[in-house]
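Each remark here refers to the structure printed beneath this line.
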Number of protein chains: 2
Amino acid sequence: MEFTKENGALAVEVLDLMFRATRHIQHEYEMKLESLSLPFQLSGPRLRLLLMVWRAEKIRMNELASKLGVKPRTVTELVDALERDGVLQRTPDPDDRRATLLHLTEDALNQITRVRMVQMQISDEILQNFTAEERTRLHALLSKFFEGMEFDFVY
Amino acid sequence: MEFTKENGALAVEVLDLMFRATRHIQHEYEMKLESLSLPFQLSGPRLRLLLMVWRAEKIRMNELASKLGVKPRTVTELVDALERDGVLQRTPDPDDRRATLLHLTEDALNQITRVRMVQMQISDEILQNFTAEERTRLHALLSKFFEGMEFDFVY
DNA sequence: TATTGTTATACTCTATAACTATA
DNA sequence: TATAGTTATAGAGTATAACAATA
């Protein structure tokens, strides 16, 4: 599609709307997460990290950083907080003594099903105005942002 | 739509994808904004505020806060930075001596056309995988998040 | 020499609470 | 008594740079 002022104006409107919608949704999402009275506090970024560790079972801080799309220093920060809250643990990597492996604590593993279920309920509630077909179409459209992207682009 | 685990799982996937796409886009967007060598630094939140002041011509900090969906204290912070950079100015509101009006500087007004044009180009580039029809459909779907919302919901 | 994760430091965005000046 | 915006303070998320341990 060739660039014209009209195309540009439409593009700005689409992205603007997307940013606004996401802001709005994230507000709601975080408020609902906070009101859960889990044994640990989960913000958006913390939940994202938590679920990534959970899916991997165990993972290096290194790899986690690149999957999250943040710098290793940021992972150190987040992990410090989550370890303090008893959500996950560091263990030395037996294969490389420079590296650190992360895994969830027993406690977090026991809570994870509930967390996932609540996540589904929150998400479903936020999408209450959308039919199943609309959800699928939105998913398909959003996927286009990642089209033609090298390797497994995670975050 | 009735809640089932399947609906919930789809809803989570949709929002997860939306968050990831937005993160990704915001990264690109901010990088491109930075590489513009404007006479002032524009992050996402600063641009958002700047454009809102521009559209209003003049506006109270108060009203701006509610339109941006942030607290007045946050506006003070952002405005401090933008005033330091010569982007906008505070003037006392003649109608209410408690209030402060904001307006763009001459300098910012001279740059704004360029900023808007670049914004269009960046946005168009980010949406390069989307046809005009897909853009319109995405816009329509995203609008649904705001359906049934009271008053003019801005941010 | 390169990589892993840390300490040290800092910046941006955001907020709550207490306060000042005005309404 | 209520409102507009500030000072004072804080916390989350993010980053860069220098460094120690290890590869």
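Per chain, numbering begins at 1; letters A, B, ... match sequence-line order.
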Open item on the list: Which residues pass the side-chain contact (heavy atoms from CB on, under 4.5 Å) test with A:Glu133, not counting sequence neighbours?
Closed with: A:Thr131, A:Arg137
- [ ] Output all residues satisfying side-chain contact (heavy atoms from CB on, under 4.5 Å) with A:Leu10, sequence neighbours left out; order by chain, then residue number.
- [x] A:Val14, B:Arg135, B:Thr136
Task: Atom-pair distance (CD on A:Glu83; C1' on C:dT6), nearest Å - done: 13 Å
Open item on the list: Filter on salt bridge (Lys or Arg N to Asp or Glu O under 4.0 Å), then keep only pairs touching residues 21-41 of chain B, sequence neighbours left out; what's left?
Closed with: B:Glu28-B:Lys32, B:Lys32-B:Glu125
N/O donor to acceptor pairs below 3.5 angstrom from side-chain atoms of residues 47-63 of chain B, sequence neighbours left out:
residue: B:Arg48; atom: NH2; partner: B:Leu68; partner atom: O; Å: 3.2
residue: B:Arg60; atom: NE; partner: B:Asp93; partner atom: OD2; Å: 2.8
residue: B:Arg60; atom: NH2; partner: B:Asp93; partner atom: OD2; Å: 2.9
residue: B:Glu63; atom: OE2; partner: B:Lys67; partner atom: NZ; Å: 3.4

Got a list of side-chain donor-acceptor pairs under 3.5 Å for residues 81-89 of chain B, not counting sequence neighbours?
residue: B:Glu83; atom: OE1; partner: B:Arg90; partner atom: NH1; Å: 2.6
residue: B:Glu83; atom: OE2; partner: B:Arg90; partner atom: N; Å: 3.2

Show the distances under 3.5 angstrom between N or O atoms of the protein and N or O atoms of nucleotides 10-12 of chain C.
none

- [ ] Identify whether any heavy atom of A:Arg48 sits under 4.0 Å from a base atom; if not, whether one sits that close to sugar-phosphate; answer base, sugar-phosphate or nothing.
- [x] nothing
Open item on the list: Going by ring pair (Phe, Tyr, Trp, His ring centres under 6.0 Å), B:Phe19 matches just one of A:Tyr29, A:Phe145, A:Tyr155. Which one?
Closed with: A:Tyr29
TODO: For B:Thr91, enumerate each residue passing the side-chain contact (heavy atoms from CB on, under 4.5 Å) test, keeping only those at least two apart in sequence or located in another chain.
DONE: B:Leu101, B:His103
Open item on the list: Going by the rule side-chain contact (heavy atoms from CB on, under 4.5 Å), which residues pair with B:Arg20 if we only count those two or more places apart in sequence or in a different chain?
Closed with: A:Phe146, B:Asp16, B:Leu17
Open item on the list: Taking salt bridge (charged side-chain N to carboxylate O under 4.0 Å, His left out) as the definition, give me every residue that meets it alongside B:Glu106, ordered by chain and number, with sequence neighbours left out.
Closed with: none
Task: Within residues 20-30 of chain B, residues whose heavy atoms come under 4.0 Å of DNA chain D - done: B:Arg23
Polar-atom pairs under 3.5 Å, protein N or O versus N or O of nucleotides 16-23 of chain D: list them with distances, or write none.
residue: D:dA23; atom: OP1; partner: A:Arg97; partner atom: N; Å: 2.9

Open item on the list: Going by the rule ring-ring contact (aromatic ring centres under 6.0 Å, His included), which residues pair with A:Phe40 if we only count those two or more places apart in sequence or in a different chain?
Closed with: none
